[in-house]
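When a ligand or atom number is given, it counts from 1 through the structure's own listing order. Nothing here was measured: the structure is a model prediction, and the numbers come from that model. In what follows, residues are counted from 1 in the order of the sequence shown.
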Amino acid sequence: MELTSAKAVREIQNRFGFTFKKGLGQNFLTSDAVLEKIADAAAGADGIIEIGPGFGALTQRLARRAKKVAAVEIDERLIEVLKFTLSDCENVKIVQGDILKLDLKSLIETEFDGMSVNAAANLPYYITTPVIARLLEEKLPFESIVIMVQKEVADRLCAAPGSKDYGAISVLCQYYTEPEVIAKAKASLFVPPPKVDSAVVRLKRLAVPSVRPADEEMFFKTVKASFSQRRKTLLNCLYASFGIPKDKLKAFGEHAEIDLSRRGETLTLTEFARLSDAILNLHKK
Ligand code: SAM
């Protein structure tokens, strides 16, 4: 059963007496064209982990493109729906669980042993940042992550230094991946329609991070500190977060050749790496 119309979604709803839970971001995409684009972008690996399959519209398409799909859905009520809509897809494993809590390393080991794996996610928008952070920071072996996000968040993931959308999440994504918007989806393409338009971003993992700071933890601490107070200078942000005296910080800035009267949103990833190396090396002395 193809789930690409509001009518088909309503039919499933009626069959299972299903009511949408707003808190779980249950807005189901009904556009064949956008679902195909997401599935194409997520293809190319032997295995795909899908996060938030809903009624299974995307899962059906992923199953046609991969050897194996594991679909992680938090809502217990959807498990029987998925068993029904995916009854023809023998290569799909339905997993009930919360993507923020599930042991993804063991899931990958047990379901995709020795396989290349991609991820595809369409989740409630308030958990976009923690999910992206988890998928990237835990160094899970995804070659690419295709994720549906609020349109404005897509702009942030791809933003260049100096633009108003550039922030800590841009740096995180661009450190590990090459982000690219691959599709847009108007709110009217979902049932029920959400309040915002959406976009699909593919985060293609880089073979090595885009810059090489001496210490990754310090790099991300520096990034977080630099964006902690949007309109403040780097000097004030770093002082507030690290508690290092300002004269020392100024010396670190000089060493890194970065003027700390600048704002965090103007720094490139290379400059963040230089700054975090200076803090790391000089603060110890
Ligand atoms: N993939 C389907 C589609 O494109 O139509 C459904 C997407 S819907 C926006 C989000 C789905 O994610 C829902 O099925 C919801 O129950 C599920 N979900 C919400 N929070 C989740 C979490 N923490 N872990 C796993 N699934 C979650």
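- Contact check on D40 versus R61 returns no salt bridge, with no Lys/Arg side-chain nitrogen under 4.0 Å from an Asp/Glu carboxylate oxygen.
- F18 carries R77 over the face of its six-membered ring, with the cationic atom under 6.0 Å from the centre and within 45° of the normal.
- Salt bridge status for D165 with R156: absent, with no side-chain N to carboxylate O gap under 4.0 Å.
- Looking at E80 and R15, no side-chain N of the basic residue comes within less than 4.0 Å of a carboxylate O on the acidic one, giving no salt bridge.
- Counting only heavy atoms of the protein, atom 5 (O) of ligand 1 lies nearest to L29 N, 2.8 Å.
- With respect to atom 3 (C) of ligand 1, the closest heavy atom belonging to the protein is N122 ND2, 3.5 Å.
- For atom 9 (C) of ligand 1, the closest non-hydrogen atom of the protein is G25 O, 2.8 Å.
- Here the protein heavy atom with the shortest distance to atom 18 (N) of ligand 1 is I74 CG2, 3.5 Å.
- Note: an N/O pair closer than 3.5 Å links I99 and ligand 1 by distance alone.
- With salt bridges taken as basic N to acidic carboxylate O contacts below 4.0 Å, one links R202 and E180.
- A donor and an acceptor atom, one from each side chain of N236 and K246, are located under 3.5 Å apart.
- Not less than 6.0 angstrom separates the ring centroid of Y176 from the ring centroid of F142.
- Within the 4.0 Å heavy-atom cutoff, G97 counts among the residues contacting ligand 1.
- Residue-environment remark: CG (D113) stays at or below the threshold of 12 foreign heavy atoms within 6.0 Å.
- Atoms of ligand 1 lying under 4.0 Å from at least one heavy atom of F28, given by number and element, are 5 (O), 6 (C), 8 (S), 14 (O).
- In this structure, K105 does not pair ionically with E138, as no charged nitrogen and carboxylate oxygen lie closer than 4.0 Å.
- When only interatomic distances are considered, the shortest N/O to N/O separation between G52 and ligand 1 falls below 3.5 Å.
- Nearest protein heavy-atom contact of atom 14 (O) of ligand 1 is E73 OE1, 2.7 Å.
- Of the N or O atoms in D75, none lie within a sub-3.5 Å distance of an N or O in ligand 1.
- Which parts of ligand 1 touch L123 is read off a 4.0 Å heavy-atom cut-off, strictly below it: atoms 12 (O), 18 (N), 21 (C), 26 (N), 27 (C).
- For the pair L58 and ligand 1, no heavy-atom separation below 4.0 Å is found.
- Contacts between I127 and ligand 1 below 4.0 angstrom, taking non-hydrogen atoms only, involve the side chain exclusively.
- The distance from ligand 1 to the heavy atoms of G54 drops below 4.0 Å at these ligand atoms: 6 (C), 14 (O).
- Counting the atoms of ligand 1 from 1 in the order shown, those under 4.0 Å from a heavy atom of Q26 are 13 (C), 15 (C), 16 (O).
- Residue-level proximity to ligand 1 for E50 is carried by the side chain, the only part with a heavy atom below 4.0 angstrom.
- Here atom 23 (N) of ligand 1 lies nearest to D98 when heavy atoms of V72, L24, D98, N27 are compared.
- Scanning both residues, V201 and A154, for their nearest heavy atoms gives CG2-CB, 3.6 Å.
- Between F220 and Y175, a ring centre-to-centre spacing shorter than 6.0 Å is recorded.
- When heavy-atom distances to ligand 1 are checked against a 4.0 Å cut-off, P124 comes that close only through its side chain, counted from C-beta outward.
- Criterion: ILVMFWY side-chain heavy atoms under 4.5 Å apart, direct or through other members. Under it, I258 and F227 are part of a common hydrophobic cluster.
- At the top of the distance list for atom 2 (C) of ligand 1, counting protein heavy atoms only, stands P53 O, 3.3 Å.
- Using a 4.0 Å cut-off between heavy atoms, L100 makes no contact with ligand 1 at all.
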